[in-house]
There are 2 protein chains.
Amino acid sequence: MSASRTARERVRAELIREITEIARRHLTVDGAAGLSLRAVAREMGMVSSAIYRYFPSRDDLLTTLIVDGYNALGEAVEKADAACARDDYMGRWLAVCHVVRGWALAHPHEYALLYGSPVPGYRAPEDTIAPATRGVAVYGRILADAIAAERLAPPAILPEPPATITPDADTVRTLIPGASDDVITRAVTAWTGLFGMVSFEVFGQFTNTINHRAEFFEHTMTCLARLLGLPS
Amino acid sequence: MSASRTARERVRAELIREITEIARRHLTVDGAAGLSLRAVAREMGMVSSAIYRYFPSRDDLLTTLIVDGYNALGEAVEKADAACARDDYMGRWLAVCHVVRGWALAHPHEYALLYGSPVPGYRAPEDTIAPATRGVAVYGRILADAIAAERLAPPAILPEPPATITPDADTVRTLIPGASDDVITRAVTAWTGLFGMVSFEVFGQFTNTINHRAEFFEHTMTCLARLLGLPS
DNA sequence: ATTCGTCAAGAGCAGTGCTCTCGAATCCTG
DNA sequence: CAGGATTCGAGAGCACTGCTCTTGACGAAT
């Protein structure tokens, strides 16, 4: 029962892989709503009903694509972070920002699937939340490292967060050990700022407005880092 | 040719109104992908082909819904701003934030249509860009008023933006007269931060993480205002 | 009163997700 | 190795979608 037992299981795993591969290609071309089980089956030389042997519904196929997307982005984030000097906290943050933006621009439909409007009658299953935390876990590690090295110096321009959010901050603190409530809220603000910026760009909110987007992005992410207190 | 010429045009306008009304109700219930021309026609006691007398395609119906959405949100923003003292710049900004968040939570599918992933093969026509600027115009006016009153004092914790983005800043400056490039970038950062936060909440990115969302939102928006330099 | 434009209705096309049944191929067990 | 159990692909079919085209009826202008 190591990698593959029977021949049937081998071909089954291979078929599942091939289906998701074709589906991902259709997704990147036509978007989530254009993903058709019948079209995938047609391309595989199968009949549509045969697909249902491998994916009980279209939503399940979509779910694995979402999971794959989170993993792909998460892995890219991990690699970008790993390529930086451990004590270059600002560089690590900017690397994460750039790889998120780059991945989103390279795979806009997949990005939309992860961070855009949820698809129609689709309910996000439990399987998606674990891989979804992969990217933000890296982010938390960067901040935790900076805190541990006493290099995080957030500028004292903000009011203290209300005590109401302490329980929520506790949840986030599992990702950023040692962070105060103030740092937690700054961290979430910067994180949502990153994705807000990327979403605005990917979803076309910047058309006819911001054209030097790479430079603009670079600068605004640096600003968010400053708000966070990351050392330059 | 004043309000209504012939009886035929009257009933035609009324039918268009009724179709969009039913379509909007279907939209808020089932989402954009669940919006079906046939279902709308069925509810009106019409046959599906009759709808095409009034909307040449499903995308055109969607476009008017998008335009209506931008106008509804824009009008809400305008009203919220108008209800504040003109020199309470922080209050006006927070009012805008709250009304955006409230409207998004009350109409998640419509919000997704405006600020989420663009629908499948749908290309945003020109008609949508004008109403889309209604909300951000209010935002620009708030900042412009604060600048004119010399009450905008952004904390000097950020690096100067690169000169590359000056042409883009010029474009935004038509909305915020008198703003420096630095203020412009801060303003865009705060604006995307607002929508990033709202999108994360509406699209379910905060589930199992941030639960005291109203308080959290209030605080983070205050932080963004501080970054902007709005007086408390 | 007749002509002309507008309209609702219906049939129809091509496509979708999904279910069911039916042989055939494959696997596991005796 | 043989037989029963599982799994699988194929096909038909249901209910639904957006959209097109034709047909016949109604109302308004000439």
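Since this is a predicted model, take the numbers as computed values, not measurements. All values below come from the heavy atoms of this structure, side chains included, with hydrogens, waters and symmetry mates left out. Chain identifiers are assigned alphabetically (A, B, ...) following the order of the sequence lines, protein sequences preceding nucleic acid strands; residue numbering begins at 1 within each chain.
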Quick note, A:Ser36 side chain, CB onward, closest among C:dG17, C:dA25, C:dA8 is C:dG17
Winner on side-chain proximity to B:Arg53, out of D:dG13, C:dA8, D:dC16, is C:dA8
Measure from the side-chain heavy atoms of A:Ser49 and tell me the nearest of C:dA8, D:dC19, D:dA10. D:dA10
Before accepting this row, confirm whether a basic side-chain N of the pair A:Arg17/A:Glu14 lies closer than 4.0 Å to the acidic partner's carboxylate O. yes
Distance test, side-chain N/O of A:Arg12 to OP1/OP2 of C:dA25, below 4.0 Å: no
Quickly work out the B:Met44 CE to C:dA9 C1' distance and round it to whole Å. 15 Å
Take atom CD of A:Glu18 and atom P of D:dG9, then tell me their distance rounded to the nearest Å. 11 Å
Base, sugar-phosphate, or nothing: which does B:Leu61 touch, judged by heavy atoms less than 4.0 Å apart? nothing
Answer yes or no: does a side-chain N or O of B:Tyr54 lie under 4.0 Å from OP1 or OP2 of C:dA8? yes
Can you measure B:Met46 atom CE to C:dA9 atom C1' for me and round it to whole angstrom units? 10 Å
A:Leu35 CG - C:dG17 C1' separation (whole Å): 12 Å
Length of the CZ-C1' vector between A:Arg42 and D:dG11, whole Å: 16 Å
Could you point out which residue of B:Arg134, B:Arg92, B:Arg141 forms a salt bridge (Lys or Arg N to Asp or Glu O under 4.0 Å) with B:Asp81? B:Arg92
How many whole angstroms separate atom CG of A:Leu62 from atom P of C:dG17? 10 Å
What nucleotide, of C:dA25, C:dC18, C:dG10, holds the atom closest to the side chain of B:Val47? C:dG10
B:Leu15 atom CG is separated from C:dA9 atom P, nearest whole Å, by 11 Å
Which nucleotide wins on minimum distance to the side chain of B:Arg38, given the candidates C:dA8, D:dC19, C:dG17? D:dC19
Tell me if the aromatic rings of B:Tyr139 and B:Trp191 count as close, with their centers under 6.0 Å from one another. yes
Let me know the distance between NE2 of A:His26 and P of C:dT16, rounded to the nearest Å. 10 Å
So does A:Ser57 get a side-chain nitrogen or oxygen closer than 4.0 Å to the phosphate oxygens (OP1/OP2) of C:dG17? no
Pick the nucleotide of DNA chain D nearest each of A:Ile51 and A:Ser48; which residue has the one closer to the 5' end? A:Ile51
